[in-house]
Amino acid sequence: MADSYPMQEVRPRRRRGRRLLIVAVILLLVLAGLLVVADRAAVGFAERTIAQQVSTEVSRQNLQASQPQVSVGGFPFLTQVVAGRYESISILLRDVEGSVQGRSVSMPELDVNARDVTASIETLRSGQGDVLARTVEGTGTISYASVAAMIQRPGVTLTEEGGNLAVSAPLEFLGQQFTVHGTANLAVSEGQVQVRFEDLTAEGLPNVPAAQALVNAYARQISIDVPLPELPFELAVQEVRPLPEGLAITASAQNVPLNSTV
């Protein structure tokens, strides 16, 4: 006669195995949560530290701006610290104001993005060593009010029309008031934005050589070079284009040391 064994002994073992598996999963989830919290806390600390250093750099360059908004890209952050390589660091400056050649230049926003940043753990800990960004790109706007103030002609209004910088201004001829309209050619040269008005017209203005000569002279008077303040991170302006909120500039730099700001 074959021996028989009770099945009751197998079930408790299976139950204990399931309980151990559940406990292990819960512990892993808790550990993952703690790692995420630690990772985000480290990011927050880094972002606050960078913001403080950027504020110092802005003041050193005789610029004024609101508190920088800093965002360190990439997840997880702690693995980037170990590798010594960071995907990106974004810095947003608002209400930037600076004086260049006695003229005030206002930029409502300056958005900077540094990519492929390298720095060892020892460099971050001690502050000694190289912190290098392979590329840095910046975009910002110069308010039309700042540009109009530099023109120093009463009644000049600048706007964006159809992707062009448009001007409207009063002009007097033979005791009568007319309004001139036209667009500008924009270019970047030696750290300045060149604004050149051509082919201005004025509705109702007499079609006589004297009137046209007056309009041409006025176009030259309101054509100016807009000086730009020294931008952080060695940014050099490459392009300018008109937007509804102002003249948008695009700047870039390569292999930029960031030690003074991070």
(request) Please name the pair of heavy atoms, one in L165 and one in P242, separated by the smallest distance, quoted to 0.1 Å. (result) N-CG, 3.6 Å
(request) Please name the pair of heavy atoms, one in A148 and one in V156, separated by the smallest distance, quoted to 0.1 Å. (result) CB-O, 4.0 Å
(message) Please give me the minimum heavy-atom distance between P108 and S143, naming the atom from each residue.
(response) CD-N, 4.0 Å
(message) Is it the case that over 12 heavy atoms from other parts of the model lie below 6.0 angstrom from the CZ atom of R241?
(response) no
(request) Kindly compute the distance separating CD1 (I142) from CG (L243), expressed to the nearest 0.5 Å. (result) 11.5 Å
(message) Once side-chain hydrogen bond (donor to acceptor under 3.5 Å, both in side chains) is applied, do any residues pair with E239, and if so which ones, sequence neighbours excluded?
(response) none
(request) Identify whether I151 and V226 are in the same connected component of the hydrophobic contact network (ILVMFWY, side-chain heavy atoms under 4.5 Å). (result) yes
(message) Nearest 0.5 Å, please: how far is OG1 in T139 from CG in D111?
(response) 4.5 Å
(message) Just verifying a value: how many Å separate I222 CD1 and Q152 CD, rounded to the nearest 0.5 Å?
(response) 13.0 Å
(message) Can you list everything that forms a side-chain hydrogen bond (donor to acceptor under 3.5 Å, both in side chains) with T183? Sequence neighbours excluded, please.
(response) none
(message) For V167 and V180: C-alpha separation, side-chain torsions, deciding distance, then whether side-chain contact (heavy atoms from CB on, under 4.5 Å) applies.
(response) CA-CA 8 Å; V167 65; V180 296; 5.8 Å; no
Run the side-chain donor-acceptor check on residues 170-178: report pairs under 3.5 Å with partners two or more places apart or on a different chain.
unit_1 : atom_1 : unit_2 : atom_2 : d
E172   : OE1    : Q177   : NE2    : 3.4

(request) Sequence neighbours left out, what pairs pass side-chain hydrogen bond (donor to acceptor under 3.5 Å, both in side chains) with at least one residue falling in residues 244-254? (result) none
(request) Please identify each residue that fulfils salt bridge (charged side-chain N to carboxylate O under 4.0 Å, His left out) with R94, with sequence neighbours left out. (result) E109
(request) Establish whether I249 and L92 are linked, either directly or via other cluster members, by ILVMFWY side-chain heavy-atom contacts under 4.5 Å. (result) no
(request) With sequence neighbours left out, write down each residue that passes side-chain contact (heavy atoms from CB on, under 4.5 Å) with R115, or none if nothing qualifies. (result) S88, N113, T135
(request) Take V193 and V147 through the test side-chain contact (heavy atoms from CB on, under 4.5 Å) and record every step on the way to the result. (result) CA-CA 10 Å; V193 176; V147 180; over 6 Å; no
(message) Test: side-chain hydrogen bond (donor to acceptor under 3.5 Å, both in side chains). Region: residues 156-166. Which pairs qualify, not counting sequence neighbours?
(response) none
(request) State, to 0.1 Å, how close A169 and Y218 come at their nearest heavy-atom pair, and which atoms those are. (result) CB-OH, 3.2 Å
Quiz: residues 194-204 side-chain donor-acceptor pairs under 3.5 angstrom, not counting sequence neighbours:
unit_1 : atom_1 : unit_2 : atom_2 : d
R196   : NH1    : I224   : O      : 3.0
R196   : NH1    : D225   : OD1    : 3.1
R196   : NH2    : D225   : OD1    : 2.8

(request) Quick one: pull up CD1 in I91 and CG in L110 and give me the separation to the nearest 0.5 Å. (result) 9.5 Å
(request) Output all residues satisfying side-chain contact (heavy atoms from CB on, under 4.5 Å) with R134, sequence neighbours left out; order by chain, then residue number. (result) D116, N255
